[in-house]
Amino acid sequence: MAEKKIMLGNEAIARGAYEAGVKVSAAYPGTPSTEISENIVKYDEIYAEWSPNEKVAMEVAIGASISGVRAMASMKHVGVNVASDPLYTASYTGVGGGLVLVAADDPGLYSSQNEQDTRCVARAAQVPVLEPSDSQEAKDFVKFAYAMSEKYDTPVIVRTTTRLSHSQGTVVLEKREEIPDKPYERNISKFVMMPAMAKGRHVYVEERMRAMAEDGCGFPVNRAEYKDTSIGFITSGIPYQYVREVFPDASVLKLGLVHPLPRKMIEEFASKVDKLYIFEELEPVIEEQVKSWGIPAFGKDIFTRQGEYSANMLRRVLLPETAQKQQQPAEVPARPPILCPGCPHRSVFSVLKKLKIHAAGDIGCYTLGAVAPLGVIDTTICMGASISSLHGMEKAKGKEYVKNWVAVIGDSTFMHTGVNSLMNTVYNQGTGTVIIVDNSTTGMTGHQDHAATGKTLKGESVPAISIYHFCKAIGIEHVVEVNAFDLPLLEKVIKEETARDEVSVIITKSPCVLLKGNVFPDVCVPVPEKCKKCGACLKPGCPALTKKEDGSIAIDITMCNGCGLCMQLCPFEAITKEPKSC
């Protein structure tokens, strides 16, 4: 009897890669895709790495494919933007061994700066897209993607969403398929994309997409479920589950291949139902094409383009009377994101706020420095943009303008694309201070290693790239390392560096408080008789500190990590440290 296991969607994707005979996996961590690589690395048969960014990860996978083995790159939707340069060209070159890109979209913006729909990128790149609806399909579709990739000589995108990535379902486990390496043959007309070769490959791409659209009518990932033909739905992915929950007796065309669309199959389905709805999250990718074929359907005219879909949303739109009778779920108290107790970023931001310095921000935990009570981060655009945007401000407004600004970027984000931005500032003789908040990990996505931590995805110890020496090597004279919790020194250094008429770098080196192995022997405790109720300790917003009714403070020792920030901010020595009791 086949073994079954309950798996996250991401875990099932990793299992699919294993069973499909994948030999190389490359990724950059990003919610909701991170757990794919964290599960792939458990299979010794697959080489798995954290790459410094998604572009590099895509190129690693392409290189492995060209050499003749099955390869995978995985990333979140905004990472696909970073990887789009090699992806668009890989569409032209095709593959050697099967090549799959797993792209995890984030409808509802649970952990992202936009709701980009990867299907739109795939249409522009002319790359096919498969979209599973549960964990079993997540595994199966990955395996089907490799067969497709090699049959049609194309990279294939497997698109997931946050709901699929982080939901669990039963998966039937199968044995790994050992795929023989394809022998490498030099073929410059296929793999060297200079204009003359690319023109020929473009013709091939168009023919390939036409063939897949035609063949897709018979693909097992597409299926028509005919029941009550008075109402029909075209849907895919997680929204399929909502349709089946709310309309169990409706006819449904469940698309696993969402690009290119199987036109003949769709036309046949539409002809057999009286009223047709297209139920897809985010952009009207399916709807626009279906309507362009002259097929009447309801879509974004009644369903939103924003946010994550749900069964309740479907009820509200199509069954309002039923929805009103349903018991309304209890309202969950708001739980805004906040920096952890003892986070070194809070210390840095408290100094910047005191000095009334604006910060161009980046992608990471430190983006929370934008909200009260810290209120220091003024901009957040994309990975690495803090340094580049600060440079743009300086070129627009002059050197004096940016003396009241800094760029704030984390160590992992700096290795991702911040290095390029900093090189640009140096090369173009910019002015400005960059603060690299080095907490020795990729904190926001769950503590993954990177090139400056000295550990690989497999946990192997390797030489760590020195951010300090890198900055010196590209010609920055003033590079200062400082403990984030040394407030007097940090304030002094920030004042000195922001006053310069050249680019300078401050590296605040203090590890993330949640890193394994971090030991905090002390906790901060109030000294009530010395407290003047001034509130200075509360200004950075540490969640371990609360204000009592009489205006004095209380410290939750179960939350406190003993960083001492509040103690340093108190002018009356009304907070001290004590050893933890256990």
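What you see below is based on every heavy atom in this structure, not just the backbone, and it leaves out hydrogens, waters and symmetry mates.
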Would you say [atom1] of [X] has more than 12 non-hydrogen atoms from neighbouring residues, nucleotides or ligands within 6.0 angstrom?
X	atom1	value
E178	CD	yes
K5	NZ	no
I6	CD1	no
K300	NZ	yes

Does [X] come within less than 4.0 Å of [Y], counting only side-chain N to carboxylate O?
X	Y	value
E283	R305	yes
D105	K76	no
K139	E19	yes
R244	E225	yes
E137	R223	yes

Under the side-chain hydrogen bond (donor to acceptor under 3.5 Å, both in side chains) rule, what pairs show up with a residue in residues 256-268, not counting sequence neighbours?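 Residue pairs passing side-chain hydrogen bond (donor to acceptor under 3.5 Å, both in side chains), neighbours aside: R263-E267, E268-K272.
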Please test R15 against E11 for salt bridge (Lys or Arg N to Asp or Glu O under 4.0 Å), starting from the C-alpha separation and ending with a verdict. CA-CA 6 Å; R15 179 70 191 191; E11 187 180 3; over 6 Å; no
Go through it in stages, so that I can follow the logic: the residues are R315 and E245, the test is salt bridge (Lys or Arg N to Asp or Glu O under 4.0 Å), and I'd like the CA-CA distance, side-chain angles, deciding distance and then a yes or no. CA-CA 10 Å; R315 289 189 186 96; E245 179 180 337; 3.3 Å; yes
Kindly determine whether K182 and V69 satisfy side-chain contact (heavy atoms from CB on, under 4.5 Å), including the steps that lead there. CA-CA 7 Å; K182 291 187 176 181; V69 307; over 6 Å; no
Any chance you could lay out the side chain to side chain donor-acceptor pair (under 3.5 Å) test for Y28 and H416, step after step, and finish with the verdict? CA-CA 9 Å; Y28 181 81; H416 180 280; 5.3 Å; no
Salt bridge (Lys or Arg N to Asp or Glu O under 4.0 Å) evaluation trace for R163 with E308: CA-CA 9 Å; R163 190 63 51 189; E308 185 179 35; 2.7 Å; yes
Any idea how F303 and Y309 line up, ring-wise: parallel (<30°), tilted (30 to 60°), or perpendicular (>60°)?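 Tilted, since the angle between the ring planes falls between 30° and 60°.
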Angle between ring planes, F233 versus F247, binned at 30° and 60°: parallel, tilted or perpendicular?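 Ring orientation, 0 to 90° scale: tilted.
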For M383, is there any backbone N or O sitting under 3.5 Å from a side-chain donor or acceptor partner on T417?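 Judged by distance alone, yes, a pair lies under 3.5 Å.
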Intermediate values then yes/no, side-chain contact (heavy atoms from CB on, under 4.5 Å), V102 and M72: CA-CA 7 Å; V102 181; M72 172 182 282; 3.8 Å; yes
Under 6.0 Å between ring centres: does that hold for F279 and Y240?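 No.
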Is there a side chain to side chain donor-acceptor pair (under 3.5 Å) between H77 and E115 once you walk through the steps? CA-CA 8 Å; H77 62 294; E115 286 188 301; over 6 Å; no
Test log, rule salt bridge (Lys or Arg N to Asp or Glu O under 4.0 Å), inputs E177 and K143: CA-CA 10 Å; E177 185 179 1; K143 296 169 72 173; over 6 Å; no
R201: which residues meet the salt bridge (Lys or Arg N to Asp or Glu O under 4.0 Å) condition with it, sequence neighbours left out?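 Checked R201 against salt bridge (Lys or Arg N to Asp or Glu O under 4.0 Å); matches are D153.
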Report yes if some heavy atom in the side chain of S25 is under 4.5 Å from a heavy atom in the side chain of Y47; otherwise report no.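 Side-chain contact under 4.5 Å: no.
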Just do the side-chain contact (heavy atoms from CB on, under 4.5 Å) check on I46 and Y18 with the steps written out, would you? CA-CA 7 Å; I46 304 176; Y18 165 75; 4.2 Å; yes
